[in-house]
Each structure stands twice: as structure tokens, then as C-alpha cells.
Chemist: 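This is the structure I want to talk about, given as C-alpha cells.
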Amino acid sequence: MAGNYGNWFIRSRLKTRQLLLLVALDEERNIHRTAEALMMTQPAVSKLLKELEDMLEVPLFERLPRGMRPTWYGEIMIRHARKVLSSLNQAHEEIHALKAGQMGQVRIGAITDPGTRLVPLAIARIKQQYPLLDINVTVDTSDMLQPRLMAGKLDIMIGRILQQQDKSSLVYEAIAEEPISIVCRPGHPLLNVPGLGLRDVFSAGWILTPAGSVLRHRIDMGFRQQNIDPPSNVVETVSQLVTTTLLESTDMLSAIATRVAEHYSRYGMLRILPINFPCKMDEFGFITLRDQQLSPGAVLMMRMLREVANELYGTSFTG
């Protein structure tokens, strides 16, 4: 729209090199090292920074005896500079992919449940139609994925929006809740214990997600609801490979998403202990940035993810 041409960065002729300067200064915290990293002279770096500060009419960095650090104004500009540069890099990669005859790229971040079932099924289907679509998948906890989404390093996140995080810049589409099951290796002695309960397992060795994660909080809360101390003999990891390998070779236990547990159980890798865990995870869903238009490849991927989610979880996505 015509009104967009009144934006301050157009009037002020904001330079890409100034965005690179902000990021480099944040990483180096030193004018000399920043000048070397950008292959510029120190006076040129100082001049470029001063032009940007004059343009914004605020100090972006505090000069210290042994370096510099961003002001609050600087932190804001650095965060947005990273997003702009990431978006420009992505644009270059998409153009390169299209020139090579590909359909572009899509970067997905998912928590374990959808990362184990929804995402692989959707990828298998879309690859039949678009074999050259470049797909990158990261499986991690929501608190690790959301900063990557906010920084423009993910196109689509499948997880939870955490309570302490700003929701105004995000679009959320609910998929399903996530029940929790306690799992062990096939042949584990606890499988033969009648009337098994949480009190029978709290003192066992456990493989759990790190303290501070949503899943770990719910597991601890499930024990405390029954006046039982949470497990203290714990190996912490977010790696499903580490978890399943330890479970297969020891008598340790783990608490994971029920749908993931059922997947491993079908293939005889793990068994689900007959314990009704009192807590479950909040619903998870598709999360995208409100002000970021999805690339053509990401639009295709999102369409397929919704289609598969309809089948797996009984949701009713239409787009």
C-alpha cells in the first residue's frame, strides 16, 4: 500500500550493513573485533553506528572501559535485525532452490508426540507429490523451539505457547491434548507386579526431560498430587534415542507422551506400565508468526500437516 512508503527505515535509507553491524557488535562487544569481522576500519564502524543512533535518536550501545554492551534500545534493534537478516537469507535459499528446480524449503520444529507421528507421516506424503521440497525438522521442547520460531529460524512450530511468553505475535491452532504414560523395557520385573501404582516406582531410576521443561513439571506434579516425592534418581535428556537405548538396556523407567509410547510398544521396543498417570500435558498446536507470510513450500507443508492431524487426532482443520 502507498502508506507503507512512509516507513522510517525507507525515509532514513537504513542499510543492510547497519543490520550486520548491530549483530556483529552484539556478538563481539568490541569495536576492534567487530571491524575485523566485517572487514571494515574502526572509524567506518563507529561512523556507521553513529548514523544509526542519530537516525533513531537513541543510544544503541553503552561504551565501557573494555568494550561495549547494548542498551535496551539496542536490544530491540538487534532482535529485529537478526530476524530481517534471517528472512533475507531464507529468501536467497528459496530462490536458489527454485532455480535448481526444487519447490523451496520449509523448516519445522516439533515436540516429541507430533515429531514422532504427525510430522513423519506428513513428510512421507508430501514427498510423494513434491520430492524436491527441502524439509528440515527439529524435535525439541517448546521452550527451546519458540525462540527459534521468534528469530525466524523455523517456519512452523508444533508445540505449546508457554505462559510467560508473548502471544501477540503468534498464530496458534490447537491440535490435541497429550496424555502421559510410564514406560519400561520388555521383560521388566515391574510388569508382573499386581496393582502397580506411583508409590511402587518413584524410587526407580528414571530418564526424564530436564528440570524446567513442561513435561518434567507435569511428571513432578503427578507424584506430588499423590503425596509422593518426585523421582530423584534421574538422567535428564530430551533425546528419544538416548531414552529408548537406556530403557532397552536397563531397568530404568521413563514418562513420555502416550502416543509416542504406543508407537514404540507396537514395534516391541518398550512396554507401557499399567499405571494411570494422574496428570497430562496441555494441548499442543500449530504455531506460526503472525507477521510472517509462509513460503510456498511451507504453505504446502502446512496443508499436509493439517490433513494428517485431522486423521490422527480427530481435529477439523479445513485449510
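All heavy atoms count here, side chains included; hydrogens, waters and symmetry mates do not.
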Chemist: Salt bridge check: are D155 and R107 linked by an N-O gap of less than 4.0 Å?
Modeler: yes
Chemist: Would you call K83 and M150 a side-chain contact if the rule is heavy atoms closer than 4.5 Å?
Modeler: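 K83 vs M150: side chains apart.
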Chemist: Any non-hydrogen side-chain atom of M304 less than 4.5 Å from a side-chain atom of Q129?
Modeler: yes
Chemist: Please tell me if the side chains of P231 and F223 come closer than 4.5 Å, counting only heavy atoms from C-beta onward.
Modeler: yes
Chemist: How close do L247 and R185 get, heavy atom to heavy atom, and via which atoms?
Modeler: O-CB, 3.0 Å
Chemist: May I ask you to check whether D143 and T141 show a side-chain donor-acceptor distance below 3.5 Å?
Modeler: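 The answer is yes; a qualifying pair exists.
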Chemist: So do L170 and L149 actually touch side chain to side chain, heavy atoms under 4.5 Å?
Modeler: yes
Chemist: Suppose we screen for side-chain hydrogen bond (donor to acceptor under 3.5 Å, both in side chains). Which residues come up paired with T116, at least two apart in sequence or across chains?
Modeler: none
Chemist: Do you reckon L191 sits in the same ILVMFWY cluster as L253, going by side-chain contacts under 4.5 Å, direct or chained?
Modeler: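 L191 clusters together with L253.
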Chemist: Run the side-chain contact (heavy atoms from CB on, under 4.5 Å) test on C184 and L273 for me, step by step, so that the C-alpha distance in whole Å, both residues' side-chain angles and the decisive distance to 0.1 Å come before the verdict.
Modeler: CA-CA 7 Å; C184 63; L273 285 174; 3.8 Å; yes
Chemist: Hey, does the side chain of D200 reach the backbone of G197 with a donor-acceptor pair shorter than 3.5 angstrom?
Modeler: yes
Chemist: Any side-chain heavy atom of T138 within less than 4.5 Å of one from N136?
Modeler: yes
Chemist: Can you tell me if S254 uses its side chain to pair, donor with acceptor, with the backbone of L208 under 3.5 Å?
Modeler: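 Pair absent, no side-chain N/O of S254 close to backbone of L208.
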Chemist: Between the side chains of E311 and R125, is the shortest nitrogen-to-carboxylate-oxygen separation below 4.0 Å, so that they form an ion pair?
Modeler: yes
Chemist: Is it true that a side-chain atom of T209 and a backbone atom of L215 form a donor plus acceptor pair closer than 3.5 Å?
Modeler: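 Checking the backbone N and O of L215 against the side chain of T209, no donor-acceptor pair under 3.5 Å is found.
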Chemist: Kindly give the heavy-atom pair with the smallest separation between G268 and P186, and that separation in Å.
Modeler: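 G268 and P186 have their closest heavy atoms at O-CG, 3.4 Å.
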Chemist: When rounded to the nearest 0.5 angstrom, what is the spacing between CD1 in I287 and CD in Q146?
Modeler: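 It comes to 5.5 Å.
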Chemist: Under 3.5 Å, side chain of T244 to main-chain N/O of Q240, donor-acceptor pair present?
Modeler: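 At least one qualifying donor-acceptor pair exists.
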Chemist: Begin with the C-alpha distance, continue with both residues' side-chain angles, and end with the deciding distance and a verdict on side-chain contact (heavy atoms from CB on, under 4.5 Å) for E178 and T258.
Modeler: CA-CA 7 Å; E178 191 176 31; T258 296; over 6 Å; no
Chemist: One thing to verify: whether E173 and R306 come together as a salt bridge, which I'm taking to mean a side-chain N less than 4.0 angstrom from a carboxylate O.
Modeler: yes
Chemist: When you measure from the side chain of E53 to the backbone N and O of L60, does any donor-acceptor pair fall under 3.5 Å?
Modeler: yes
Chemist: Hydrophobic cluster membership, with links at side-chain heavy-atom distances under 4.5 Å among I/L/V/M/F/W/Y: are I207 and V183 in one?
Modeler: yes
Chemist: For a side-chain contact (heavy atoms from CB on, under 4.5 Å) check, start with the C-alpha distance between L312 and V308, then their side-chain angles and the critical distance, and finish with the verdict.
Modeler: CA-CA 6 Å; L312 290 179; V308 175; 3.7 Å; yes
Chemist: Look only at the side chain of K127 and the backbone of L133, and say whether a donor-acceptor pair between them is shorter than 3.5 Å.
Modeler: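 A pair under 3.5 Å: yes.
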Chemist: Quick check on the hydrophobic clustering: are L270 and I275 connected, directly or via other members, by side-chain heavy-atom contacts under 4.5 Å?
Modeler: no
Chemist: Taking all non-hydrogen atoms of both residues, which atom of Q18 and which atom of L52 are closest, and how far apart?
Modeler: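 That would be NE2-N, 3.8 Å.
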Chemist: Just do the salt bridge (charged side-chain N to carboxylate O under 4.0 Å, His left out) check on D282 and R218 with the steps written out, would you?
Modeler: CA-CA 9 Å; D282 295 336; R218 291 304 170 93; 2.9 Å; yes
Chemist: Are L56 and V45 co-members of a hydrophobic cluster defined by side-chain heavy atoms under 4.5 Å apart?
Modeler: yes
Chemist: Are M157 and V238 connected into the same hydrophobic cluster when the rule is that any two of I, L, V, M, F, W, Y join if their side-chain heavy atoms are below 4.5 Å apart?
Modeler: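 The answer is no; the residues belong to distinct hydrophobic clusters.
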Chemist: With heavy-atom distances below 4.5 Å as the criterion, would you say the side chains of L49 and E51 are in contact?
Modeler: no
Chemist: Whether the side chain of W206 engages the backbone of A255 through a donor-acceptor N/O pair (distance < 3.5 Å, no angle test) should be reported.
Modeler: no
Chemist: Enter the distance from L198:CG to Q226:CD here, rounded to the nearest 0.5 Å.
Modeler: 4.5 Å
Chemist: Could you grab the distance from atom CZ of R259 to atom OH of Y264, nearest 0.5 Å is fine?
Modeler: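 That separation rounds to 15.0 Å.
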Chemist: How far apart are the closest heavy atoms of T71 and E62, and which atoms are they?
Modeler: CG2-N, 3.9 Å
Chemist: Is a salt bridge present between R148 and D140, judged by a nitrogen-to-oxygen distance below 4.0 Å?
Modeler: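 The answer is no: the pair does not qualify as a salt bridge.
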Chemist: Any idea which heavy atoms bring P114 and P120 closest together, and the distance?
Modeler: O-CD, 3.9 Å
Chemist: Looking only at heavy atoms, which two atoms of T250 and L246 are closest? And how far apart?
Modeler: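 Minimum heavy-atom separation between T250 and L246: OG1-O, 2.7 Å.
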Chemist: Whether R33 and E27 form a salt bridge (side-chain N of Lys/Arg under 4.0 Å from carboxylate O of Asp/Glu) is what I want to check.
Modeler: no
Chemist: Any chance you could measure I158, atom CD1, to L145, atom CG, to the nearest 0.5 Å?
Modeler: 9.5 Å
Chemist: Walk me through it: do N30 and H32 pass the test side-chain contact (heavy atoms from CB on, under 4.5 Å)?
Modeler: CA-CA 6 Å; N30 178 280; H32 176 69; 3.2 Å; yes
Chemist: What distance do L294 atom CG and I156 atom CD1 have between them, rounded to the nearest 0.5 Å?
Modeler: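 Separation between the atoms: 5.5 Å.
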Chemist: Assess whether atom OH of Y73 is packed by more than 12 heavy atoms of other residues, nucleotides or ligands within 6.0 Å.
Modeler: no
Chemist: Less than 4.0 Å between a side-chain N and a carboxylate O, is that true for K280 and E177?
Modeler: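 Between K280 and E177 there is a salt bridge, with a charged N closer than 4.0 Å to a carboxylate O.
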Chemist: Measuring centre to centre across the rings, with the benzene-like ring taken for any Trp, is F284 within less than 6.0 Å of Y313?
Modeler: yes
Chemist: Give, for atom CG of D26 and atom CZ of R82, the distance between the pair rounded to the nearest 0.5 Å.
Modeler: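 The CG atom of D26 sits 5.0 Å away from the CZ atom of R82.
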Chemist: Below 4.5 Å, heavy atoms only, C-beta onward: do V137 and I123 meet side chain to side chain?
Modeler: yes
Chemist: Going by side-chain contact (heavy atoms from CB on, under 4.5 Å), L25 matches just one of T34, L38, L20. Which one?
Modeler: T34
Chemist: Look at R117 together with E262 and state whether they make a salt bridge at an N to O cut-off of under 4.0 Å.
Modeler: no
Chemist: Ring centres of F61 and W72 under 6.0 Å apart?
Modeler: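 When the ring centroids of F61 and W72 are compared, they turn out to be at least 6.0 Å apart.
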Chemist: Could you check whether any side-chain heavy atom of S295 comes within less than 4.5 Å of a side-chain heavy atom of Q105, counting everything from C-beta outward?
Modeler: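 No, every pair of side-chain atoms sits at 4.5 Å or beyond.
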Chemist: Between R160 and S142 (side chain of the first, backbone of the second, donor and acceptor by atom type, cut-off under 3.5 Å), is there such a pair?
Modeler: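 Between the backbone of S142 and the side chain of R160 there is no qualifying donor-acceptor contact (under 3.5 Å).
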